[in-house]
Engineer: 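Okay, handing you the structure first.
Predicted, not measured: the structure shown is a model, and the values here were computed from it. Per chain, numbering begins at 1; letters A, B, ... match sequence-line order. No hydrogens, no waters, no symmetry mates; every other heavy atom, side chains included, goes into these values.
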Amino acid sequence: MTRVALKMLMGDRLKYAGLIAGILFAVTLIAQQASIMTGFIQRMGSFVRDTGSVDLWVMDPQRRFSDDQKPLSETALPRVRGVEGVSWAVPMYRSWLRCRLPDGTLVQAIVTGLDDATLLGGPPEIVEGSLEDLRRSGGVLVDADELGGKMRMVRGGEGPLRVGDRLAFNDEDAVIVGTFRASKGFFWEPVVYTTYSRAVRFAPPERKVNGFVLVGVREGEDAAAVGRRIEAATGLRALTRDQFEAHSTNFLLTSTGILANFGLAIGLGFVIGVLVCGQTLYQFTLDNLRHFAALKAMGAGNWLLVRMVGAQVVTVGAIGYGIGLGAAVLLGRVIVKAGLAFYMPWQVPVLSGVAIGAIGLLAGSLSLARVIRAEPGMVFKG
Amino acid sequence: MTEASSIAIECKGVVKHYGQGAARVTALRGVDLTVRKGELLMLVGPSGCGKTTLISVIAGVLDRNEGACTVFGEDFARMSARARTRWRGENVGFVFQAFNLIPTITAAENVAVPLMILGEGHGAAIRRAREVLEMVGLGDRWRALPAQLSGGQQQRVAIARSLIHGPRLIVCDEPTSALDHQTGHVIMRLLKNVALREDRALVIVTHDARIFGFADRIAEMDDGRIERIVTDPRELMAGTAPGR
Ligand SMILES: Nc1ncnc2c1ncn2[C@@H]1O[C@H](COP(=O)(O)OP(=O)(O)O)[C@@H](O)[C@H]1O
Ligand SMILES: [Mg+2]
């Protein structure tokens with residue numbers, strides 16, 4: 001009888017298409033919005049994740065995410081080095097600075113300054129040149145993907161930057177000595193790597209310096225425990241990589257409108273799915289009520305009716321889900337090509353699937369309730 | 001004993017109300033009726049007199065409010081809803097005025113529905129359906145959709161559907177009223193010659209006087225009661241003629 005149920009549904013082309021479209025639209029909206037949000041969350045933590053071999057990030061307690069502008073006093077470094085369990089501690093500069101390209105084009109760049117002695121905390125992949133080249137006079141590494149992108153010259157130079165091009169940060173001269181590649185960050189501005197001392201020179205004079213102290217703990221020490229010790233001794237905040245990533249993400253979700261915005265869009269996808277599918281399936285059920293009543297008269301029990309409506313809902317849901325998810329993935333390709341955040345971990349298809357399941361359950365129960373209430377006695381009514 | 005086992009349906013004082021309170025309508029006001037096995041009984045009477053209500057009660061799709069009624073020895077009032085649904089599936093065949101075929105499935109699939117409801121597989125049910133379609137003269141139209149068939153052909157499909165599972169009772173509500181005279185006769189001949197058997201009862205509601213001749217007995221209803229039962233349709237005409 002499930003075959004009969006499916007033929008009944010598919011025979012009504014318009015409603016069949018409407019149901020699939022409703023599911024498809026809901027899945028696409030839910031999966032795509034969830035993936036964009038996940039993409040933002042992922043980007044929020046990408047700098048911390050990319051910066052390997054760091055056990056602890058020490059920062060001003062008021063810092064809410066990795067690129068927050070909360071400077072650290074110069075005395076932080078020696079105080080951290082004095083804490084029990086710390087193997088090494090190096091400074092890292094990180095702040096937005098104004099950068100002038102050879103043709104006079106001005107861009108904001110996120111300047112990351114690495115400890116002069118060790119160059120610890122560099123980017124995950126060097127494309128041209130080497131990290132050591134940062135020791136050359138005025139040396140900076142720029143993002144290989146941004147040479148012709150966000151760092152493209154637009155004031156007469158017309159073209160991408162190249163290694164060897166000269167830049168200026170707040171009138172301090174710099175030269176591109178190489179390029180690197182890293183995961184995309186949450187913020188739009190291009191990232192530039194240089195040494196700590198040079199970064200401080202680039203920056204306008206200030207008493208405290210924007211950045212972190214990066215810490216490696218002694219072998220056998222628990223990073224989180226050392227972090228608590230640092231916090232107790234210095235009054236600063238010390239977080240492991242995972243803690244810092246979670247801290248940044250948490251800020252993004254709780255203190256910005258992002259969760260509400262995407263939650264709303266996802267909720268909207270769900271509501272539209274329920275409304276469109278519920279209404280269409282219900283109308284279909286009403287149209288076929290006399291047939292359902294006849295089936296009941298001819299001995300169809302509730303369980304059979306559940307299976308019939310269930311087969312209709314599952315079929316429509318599966319087809320709509322498949323096409324919708326495919327559409328979301330294709331849309332994602334376009335979004336990623338445009339350089340925007342989009343990340344679809346396995347949880348997104350699962351979440352969308354659960355949402356579709358709930359939509360199907362709601363729409364299906366509504367129709368089923370009507371079918372079960374149908375009086376077999378009505379079969380003889382003209 | 002032989003007397004009892006020759007009885008298919010026995011109703012005594014059956015009362016049925018619709019609605020409640022001031023809006024209450026009494027459709028059956030104490031119906032006494034016996035239908036024998038192997039009999040084709042017609043229910044006739046003016047519109048609104050309760051014919052449809054009575055066959056609904058007899059077929060077990062509507063609960064009576066008072067009175068006694070057994071169908072092949074079974075009393076629906078003593079069955080659970082589930083058992084009654086099952087019993088209907090096994091023992092009752094239905095033919096509706098508006099044919100009531102599912103428009104998006106083939107003739108054979110429509111005919112196969114009662115078997116599939118009883119749990120028969122799709123393939124086996126379709127094979128049996130084609131045999132029954134053969135019996136009603138539509139063996140070559142088994143793949144047609146209802147809309148591709150004439151009204152008479154659709155009603156033949158509906159008769160095949162009412163027969164396929166070998167029910168003991170077949171109820172028909174105005175089976176010929178949507179058909180022309182000639183087609184109505186074809187349908188009645190099928191019901192009389194193919195559907196009717198020694199151990200089966202047919203109850204047909206109609207106000208189509210042209211088919212009265214096919215009945216073994218005719219029960220005339222008025223205002224929720226059976227006024228009289230005749231065996232010769234001419235008695236019916238004679239009885240009603242003078243007054244009106
Ligand atoms: N579902 C219902 N609700 C209320 N009244 C009904 C309902 N069905 C039938 N009736 C009333 O019951 C009476 C008998 O109806 P019915 O059995 O359909 O008569 P017939 O089939 O002889 O035309 C009529 O007065 C009709 O209006
Ligand atoms: Mg009627």
Engineer: Of all the heavy-atom pairs spanning A:Lys296 and B:Thr85, show the shortest one and how long it is.
Structural biologist: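 Here A:Lys296 and B:Thr85 meet closest at O-CG2, 4.3 Å.
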
Engineer: Could you measure the distance from the NZ atom of A:Lys7 to the OG1 atom of B:Thr106? Nearest 0.5 Å is fine.
Structural biologist: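 So the gap between those two atoms works out to 5.5 Å.
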
Engineer: Select all residues of residues 168-179 of chain B having any heavy atom within less than 4.5 Å of some heavy atom of chain A, and report them by number, or 'none'.
Structural biologist: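 Within residues 168-179 of chain B, near chain A: B:Val171, B:Asp173.
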
Engineer: Return the option, out of B:His165, B:Met116, B:Arg82, with the maximum number of heavy-atom pairs under 4.5 Å with chain A.
Structural biologist: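 Highest number of pairs under 4.5 Å: B:Met116.
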
Engineer: Go through the steps for A:Met1 and B:Ile117 under the test side chain to side chain contact (heavy atoms under 4.5 Å, CB included), then give the verdict.
Structural biologist: CA-CA 7 Å; A:Met1 282 306 280; B:Ile117 286 175; 4.2 Å; yes

Engineer: When rounded to the nearest 0.5 angstrom, what is the spacing between CD1 in B:Ile105 and NE2 in A:His291?
Structural biologist: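 Output value for this atom pair is 9.0 Å.
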
Engineer: Atom CZ of residue position B:Arg210 - does it have more than 12 heavy atoms of other residues, nucleotides or ligands inside 6.0 Å?
Structural biologist: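 Atom CZ in B:Arg210 is packed in, count exceeds 12.
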
Engineer: Which bit of B:Arg161 is near chain A, if near means a heavy-atom gap under 4.5 Å: side chain, backbone, both or neither?
Structural biologist: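 Side chain of B:Arg161 only, per the 4.5 Å heavy-atom cut-off to chain A.
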
Engineer: Let's test your reading of the structure: which of B:Thr52, B:Asp63, B:Leu62 forms the most heavy-atom pairs below 4.5 Å with chain A?
Structural biologist: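 Between B:Thr52, B:Asp63, B:Leu62, the count favours B:Thr52.
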
Engineer: So how far is it from B:Ile102 CD1 to A:Asn288 CG, rounded to the nearest 0.5 Å?
Structural biologist: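 With rounding to 0.5 Å, CD1 (B:Ile102) is 8.0 Å from CG (A:Asn288).
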
Engineer: What part of A:Leu295 gets closer than 4.5 Å to chain B, counting heavy atoms only: side chain, backbone, both or neither?
Structural biologist: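 Contact with chain B involves both backbone and side-chain atoms of A:Leu295.
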
Engineer: What residues of residues 297-307 of chain A make heavy-atom contacts with chain B at a cutoff under 4.5 angstrom?
Structural biologist: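 Against chain B, the residues of residues 297-307 of chain A that fall inside the cut-off (heavy atoms, under 4.5 Å) are A:Ala297, A:Met298, A:Gly299, A:Ala300, A:Gly301, A:Leu304.
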
Engineer: Can you tell me if B:Arg24 has over 12 outside heavy atoms packed within less than 6.0 Å of its CZ?
Structural biologist: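 Atom CZ in B:Arg24 is not packed in, count stays at 12 or less.
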
Engineer: Count the heavy atoms of every other residue, nucleotide or ligand shown that sit under 6.0 Å from CZ of A:Phe25, and state whether that count exceeds 12.
Structural biologist: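 Not buried by this count: 12 neighbours or fewer within 6.0 Å.
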
Engineer: List the atom of A:Arg290, the atom of B:Asn100, and the distance in Å for their closest heavy-atom pair.
Structural biologist: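 Shortest heavy-atom separation between A:Arg290 and B:Asn100 comes out as NE-OD1, 3.0 Å.
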
Engineer: If you count heavy atoms of other groups shown closer than 6.0 angstrom to CD of A:Gln347, is the number above 12?
Structural biologist: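 Counting neighbours around CD of A:Gln347, more than 12 heavy atoms of other residues, nucleotides or ligands fall under 6.0 Å, so yes.
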
Engineer: Which one, B:Thr53, B:Ile55, B:Val92, leads in non-hydrogen pairs under 4.5 Å with chain A?
Structural biologist: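 Answer, by heavy-atom pair count under 4.5 Å with chain A: B:Ile55.
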
Engineer: What part of B:Leu145 gets closer than 4.5 Å to chain A, counting heavy atoms only: side chain, backbone, both or neither?
Structural biologist: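 Contact with chain A involves no heavy atom of B:Leu145 at all.
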
